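Labels below follow one simple rule: chain letters A, B, ... track the order of the sequence lines, proteins then strands, and each chain is numbered from 1. Note that the structure is predicted; figures quoted are calculated from it, not measured.
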Amino acid sequence: MSAGSSSVGATVPQTATTSAHLFEARDVSAHYGRVHALKPTSLHVGRGELVTVLGPNGAGKTTLMRALTRLMPREGSLFFEGRDVSALKTHELARLGIIMVQEGRGLFGQMTVRENLSVGGFTRPHEDEKLETVFTLFPRLKERVDQISSSLSGGEQQMLAIGRALMADPKVLMLDEPSLGLAPKVATEILETLGELNRRGLGILLVEQKAPLALKLARRVYILTLGRVAAELPADQIGSHHDLARYYLN
Amino acid sequence: MLDATQILQSLVNGMGVGLIYGLVGIGFCVIYNASGIVNFAQGVFVMLGGMFTHTLLTRLGIPIILAAAIAIPLVAAAGVVVEFLIVRPMWNRGATLFAIILATLATQIMIERITILTLGDQPRTLNEFTAGGPLRIGGLAISYQIFWILGCGALLVGLLWLFFGRTRTGRALRACSQNREAAALLGVPVGRMLMIAFALSAALGAVAGILVTPTQYTAFNVGTPFGVYGFIAAIIGGFGSAGGALAGGILLGIFQALAIVTLGAGFKNVAALSMLLVVLLVFPNGLFAGLKGLLAGRSRSADAR
Ligand SMILES: Nc1ncnc2c1ncn2[C@@H]1O[C@H](COP(=O)(O)OP(=O)(O)OP(=O)(O)O)[C@@H](O)[C@H]1O
Ligand SMILES: [Mg+2]
């Protein structure tokens, strides 16, 4: 399990105030009261890179994502495009282009598809152009623009959550278990779309529990267990780790 | 005995004052939706609207429309001050909603005291916006002010509808009310939205206060009854729904007016509170959600048959 688990923190002096990566977290940790749910964790996403975080139920994946986007208090530092953004609030991070699709999608349930997308573009101009891009990617949303979002199917809801995030012009898109609760076919469709977005240059941090497909798309994988990164390895090497392959690939 | 004219008269008067309750109720909903806070200082905005307008009118001798146009932003600014000085610091320190709500109650009392010290404790009133009247139709006497209330109230409701449905900020406010975290993750400055909610809701209270003062009076302490009736209107409407609060306010106003002509003015409060209790006992989620549920239940049982 030690393969590549050395984090960047080990090679960069602790005092470093910049980062060469698109997005980098150094020793980020978080608590629920006295429960240390996320031990100091370091990870990064390079430009145009799709990185997957895998971990079983309760490993701390959601905690990690919430700590990164500062939906909860956290310690440690965060860098984006070389700049220290540790002190920024959630909405300020979003303005920079750090956008997360929450676990459970976080739709505005009583608003229509169009209104959800429009709030996605809250900080950005050129709403109409971006709407077209989203509709090309997810034609099913276009057919349902005036439908109340809570009445969409699970797959459509996830498409809306991703479409809405795209309206916010992400530079790094974080997704917390986007395939949760979806039929395998729909999950595949959605993950393939993420792959396509990544090929167009979008940096993606994808959290999944078990996802062979997420591993095919990813270049690198972090394995999270018990609130810490237990391993970091190239995605194509996961098959050569017998224990990991057994858990994550089937 | 109650005749048709009296009933009609109560309907008209009740609708006028009920619209005022509805506006105050919407003010409650706007802040509640943006934050979960029930702002018990809502009534003082109504009071300040009337008091500021009266003061501007008498000290500067300007026309009432102008005085109102200056008073409304002033009261909105007072709303922002309450948010900035009291709510935000508590919010940022992670105070419970309960503590913040208590603080708004304290704010209400404090603003009332400041008003006594600065503007005095004497009741005062405004002239009706249009002199003359009342308009007599058969036995009915309708004060011109009622038309101002109904007209401005309807205009305001229309503007609110456009604001919440069509503007970027209005939609963002609704988004915050449905999922604050998701809104923040999309770049919506949730803190600033709360400030906008306070400004908007204070302005609504001010308009209500300015419109209603010519039909009665204003003084440092009128905030409490208007706050309470607006709160009841919002609860009848299923706290949080602006349309529900408006309808709840109108129902409450009419019910009160009918109680006054049948039982006497002393029953104004009794009527309002018994309406609240009945609605809460029968439909804990508000009258309209309750009725909807009943209808749905009936059609379900009809299907089953
Ligand atoms: N609000 C909370 N209060 C206390 N403990 C919490 C809270 N939320 C999560 N935890 C705990 O923190 C740990 C990590 O939870 P987290 O939700 O981050 O896991 P996860 O990896 O996202 O799991 P899943 O795959 O089920 O979504 C768990 O042990 C959980 O019980
Ligand atoms: Mg999770």
Side-chain angles (χ1 to χ4, degrees), chain A residues 33 62 65-66 68-73 88-112 114-125 127 130 146 148-150 157 160-171 173-176, chain B residues 26 29-30 32-36 88-89 91-96 160-197 237-245 285-286 288-289 292-293 296:
Chain A
T62 299
M65 298 295 259
R66 294 177 61 81
L68 290 178
T69 51
R70 221 165 156 220
L71 285 177
M72 61 187 290
L88 298 193
K89 300 195 180 110
T90 305
H91 70 95
E92 292 165 332
L93 293 171
R95 255 166 214 265
L96 292 181
I98 303 172
I99 305 291
M100 170 166 80
V101 177
Q102 287 163 285
E103 188 176 50
R105 296 148 202 158
L107 294 182
F108 308 123
Q110 294 148 41
M111 293 169 80
T112 63
R114 187 194 301 277
E115 287 175 328
N116 268 276
L117 292 171
S118 146
V119 176
F122 179 79
T123 63
R124 309 286 191 235
E127 187 172 315
K130 269 186 297 224
D146 292 317
I148 295 293
S149 68
S150 59
Q157 290 193 9
L160 178 56
I162 296 171
R164 190 178 69 176
L166 294 177
M167 295 293 291
D169 261 350
K171 289 186 176 158
L173 180 63
M174 304 166 51
L175 302 105
D176 192 350
Chain B
I26 295 175
C29 298
V30 168
Y32 176 77
N33 282 341
S35 62
R88 179 173 309 204
W91 183 278
N92 286 346
R93 281 178 207 161
T96 60
L160 279 174
W161 184 77
L162 283 178
F163 172 71
F164 282 112
R166 298 289 163 80
T167 68
R168 187 176 277 253
T169 309
R171 281 188 194 150
L173 268 170
R174 277 167 64 214
C176 287
S177 79
Q178 290 170 41
N179 193 330
R180 220 170 304 153
E181 287 189 346
L185 285 168
L186 295 167
V188 176
V190 178
R192 189 165 340 133
M193 288 294 138
L194 184 55
M195 178 177 272
I196 292 173
F239 221 85
S241 146
N285 295 319
F288 306 106
K292 213 191 260 176

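Proximity to chain B is absent for every atom of A:Leu96, based on heavy atoms less than 4.5 angstrom apart. Only the side chain of A:Glu127 comes within less than 4.5 Å of a heavy atom of chain B; its backbone N, CA, C and O stay farther away.
Between the A:Gln110 side chain and the B:Gln178 main chain, no donor and acceptor come within less than 3.5 Å of each other.
When side chains are defined from C-beta on, B:Leu186 counts as touching A:Arg164, because their heavy atoms get closer than 4.5 Å. Put simply, the side chain of B:Pro189 does not reach to within 4.5 Å of the side chain of A:Lys89, judged on heavy atoms.
If you take CD on B:Glu181 and OG1 on A:Thr69, they are separated by 8.0 Å, rounding to the nearest 0.5 Å. For the atom pair B:Arg166 CZ and A:Glu115 CD, the distance stands at 9.5 Å (nearest 0.5 Å). For the atom pair B:Arg180 CZ and A:Leu71 CG, the distance stands at 12.0 Å (nearest 0.5 Å). Put simply, OG1 on A:Thr123 and CZ on B:Arg168 are 8.0 Å apart, with the number rounded to the nearest 0.5 Å. The distance from atom CG of B:Asn179 to atom CZ of A:Arg105, rounded to the nearest 0.5 Å, is 13.5 Å.
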Check the pair A:Thr90 / B:Leu185 against side chain to side chain contact (heavy atoms under 4.5 Å, CB included), numbers first and verdict last. CA-CA 6 Å; A:Thr90 305; B:Leu185 285 168; 3.7 Å; yes
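Of all non-hydrogen atoms in B:Arg174 and A:Met111, the two that sit nearest each other are NH2-CG, 3.5 Å. The two residues B:Gly187 and A:Ala94 make their nearest non-hydrogen contact at N-CB, 3.3 Å. Across B:Ala182 and A:Gly106, no two heavy atoms sit closer than the pair CB-O, 3.1 Å. Scanning both residues, A:Phe122 and B:Ala172, for their nearest heavy atoms gives CE1-CB, 3.5 Å.
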